[in-house]
Amino acid sequence: MASGALDTVAIIASNIPEMIEAHFAVPMLGAVLNPLNTRLDAASIAFSLKHGNAKVLIVDGEYAALVQQALPLLDRDIIIIDIDALSQTAAPLGQHNYEAILVTADPAFRWPGIADEWQSLCLLYTSGTTGDPKGVVYSHRGAYLSALGNGLSLGLGFDSIYLWTLPMFHCCGWSFPWAVVAVGGTQICLRKVEPAVVFRLIAEHRVTICAARPLCSTCWLTRRDQRVPFDHVVTVATGGAAPPSAVFRSMEAIGFRVIHLYGATETYGLPPPAFPTRVERLPPDQRFTKMARQGVAYPMVDEVRVADPKTMILVPRDGTTVARS
C-alpha cells in the first residue's frame, strides 16, 4: 500500500493551526500528508522528501533555514508553500503563500469522500537501523479507528480542551488532530513546550488533556515558582518507558492524572493504554505499580500480543518476561 499512487504533500511545521488544517485538507484533496520531523537535519529532510516523492512542501517560516539547506540536496524541483512565521525574519522560499492560497479557495467545495477506506492517508518517517528514516503509511480506516480509540479510552468529549505538547509530526500527533475534532473539542496550539507556559495555559484555558512522552518529567521537575495553580484534574497521556511510581505519585499530587500508553509509529501511536479504571480503587502503592503496565487494548483493537519475534510464541502474561529479539 505505497503512497506512490497518490501525490504526496509534505509539511514541516510546529504545533500551529495550519498543521491541524493540513491533517484534514490534504487527505480531502486526495493526496497523502507527509508531516516531517522538525528535529531532523537537512540531509534526513531531503531523504524523506525524495523517498516519499513529495510534490509539494508546506513550510512554517520557523524552519525556513533548515529547508533552505535541504533543497539543494533534492534532485528535482518541488512546489513550496510558505506559512508566515511569527516574526517576519525568514524570507519566503517559494512562490506561494499559505493564506493567499486559502483566499482563492472555493467555499462551496464539498469533500466527495474516498472510494476505498484503505486508501493512503499519511506518510510518516521513523528512525531505522540503517540510519535512513523508515516510511510508515497510514490508511483512512486505520486513522479513523485510532482516533475513535483515543476518544473512547481517554474520555474525550465536546468539553475536552486539548493542549498540544506532543509534536504533531510524531505519529500524526497520536491521531489527536482527528480525535479532538471528531468529538467537537478544543485544541490549544503551542509552538514550544516550556514548563511555565504549560502551567499557565492549563490554568487559563482549563485544559483537560495533553500528551507527550517526556511531559511527566517536565511538569514534575518544574520549579514551584513556575507552577501556576489550577483547581481541576488534567489527564496526561504519556508514552515510551513507564515513569517510575514516584512520578505518578508526584504528578497526581499537583493535579495530573497520568495514563501510560505504549505503541509505535506503525500502530498509529497508542493501541494499549496502561490500566483499566478499576485500578483507581486500589491502595496507592498497588495502584502506582499497576499504572506502569500496559496491555489493555483500545476498544478499536482486536488484540494486543507480546510474542517472540522469531517464533511468534506468546510470552507469559506475568509482567516480567521480555520478548527477546
Side-chain angles (χ1 to χ4, degrees), residues 1-13 15-37 45-60 67 74-83 93-126 133-151 168-184 187 265-269 300:
M1 190 174 56
S3 61
L6 301 171
D7 288 337
T8 302
V9 175
I11 181 171
I12 182 166
N15 288 347
I16 56 179
E18 293 85 349
M19 186 65 145
I20 300 174
E21 293 169 357
H23 276 74
F24 292 86
V26 172
M28 289 172 70
L29 291 174
V32 176
L33 178 66
N34 177 206
L36 296 173
N37 187 335
I45 294 294
F47 174 90
S48 299
L49 291 172
K50 288 193 292 185
H51 187 266
N53 195 29
K55 299 294 193 303
V56 178
L57 174 59
I58 304 173
V59 182
D60 177 357
V67 173
L74 297 179
D75 51 8
R76 57 182 172 79
D77 293 331
I78 187 171
I79 298 172
I80 303 291
I81 300 176
D82 292 288
I83 301 174
L93 296 178
Q95 301 296 317
H96 305 279
N97 178 270
Y98 184 89
E99 293 297 330
I101 290 177
L102 292 188
V103 171
T104 65
D106 179 8
F109 172 78
R110 293 294 181 269
W111 183 41
I114 56 174
D116 183 357
E117 64 181 3
W118 290 106
Q119 179 176 310
S120 299
L121 171 71
C122 287
L123 171 63
L124 301 153
Y125 283 94
T126 184
K134 296 294 183 289
V136 176
V137 179
Y138 286 1
S139 68
H140 282 257
R141 173 185 173 84
Y144 172 78
L145 294 175
S146 175
L148 291 187
N150 280 350
M168 270 185 253
F169 66 71
H170 179 52
C171 305
C172 286
W174 293 351
S175 297
F176 278 108
W178 304 303
V180 180
V181 170
V183 299
Q187 301 183 61
T265 304
E266 293 82 354
T267 60
Y268 298 80
M300 305 303 175

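Reckoned from all heavy atoms, side chains included, excluding hydrogens, waters and symmetry mates.
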[X] side chain to [Y] backbone, donor-acceptor under 3.5 Å:
| X | Y | answer |
| --- | --- | --- |
| Trp178 | Cys172 | no |
| Ser146 | Ser175 | no |
| Asp7 | Ala31 | no |

Does [X] reach the side chain of [Y], with side-chain heavy atoms less than 4.5 Å apart?
| X | Y | result |
| --- | --- | --- |
| Tyr138 | Cys171 | yes |
| Lys134 | His51 | no |
| Ile20 | Gln187 | yes |
| Leu36 | Leu57 | yes |

Tell me whether Asp116 at atom CG has more than 12 heavy atoms from other residues, nucleotides or ligands lying less than 6.0 Å away.
yes
Non-neighbouring partners of Glu266 that pass salt bridge (Lys or Arg N to Asp or Glu O under 4.0 Å), sequence neighbours left out
none
Results of side-chain contact (heavy atoms from CB on, under 4.5 Å) for [X] - residues two or more places apart only:
| X | result |
| --- | --- |
| Phe169 | Met19, Pro35, Asn37, Thr38, Arg39, Pro167 |
| Ala25 | none |
| Leu74 | Ala46, Leu49, Lys50, Leu71, Ile78 |
| Tyr144 | Leu148 |

Contacts satisfying salt bridge (charged side-chain N to carboxylate O under 4.0 Å, His left out) that involve residues 135-148 (not counting sequence neighbours) are Glu117-Arg141
For the pair Phe176 and Trp174, name the ring-plane relationship: parallel under 30°, tilted 30 to 60°, perpendicular over 60°.
tilted
Between Trp111 and His140, what is the ring plane arrangement, given parallel below 30°, perpendicular above 60°, and tilted in between?
parallel
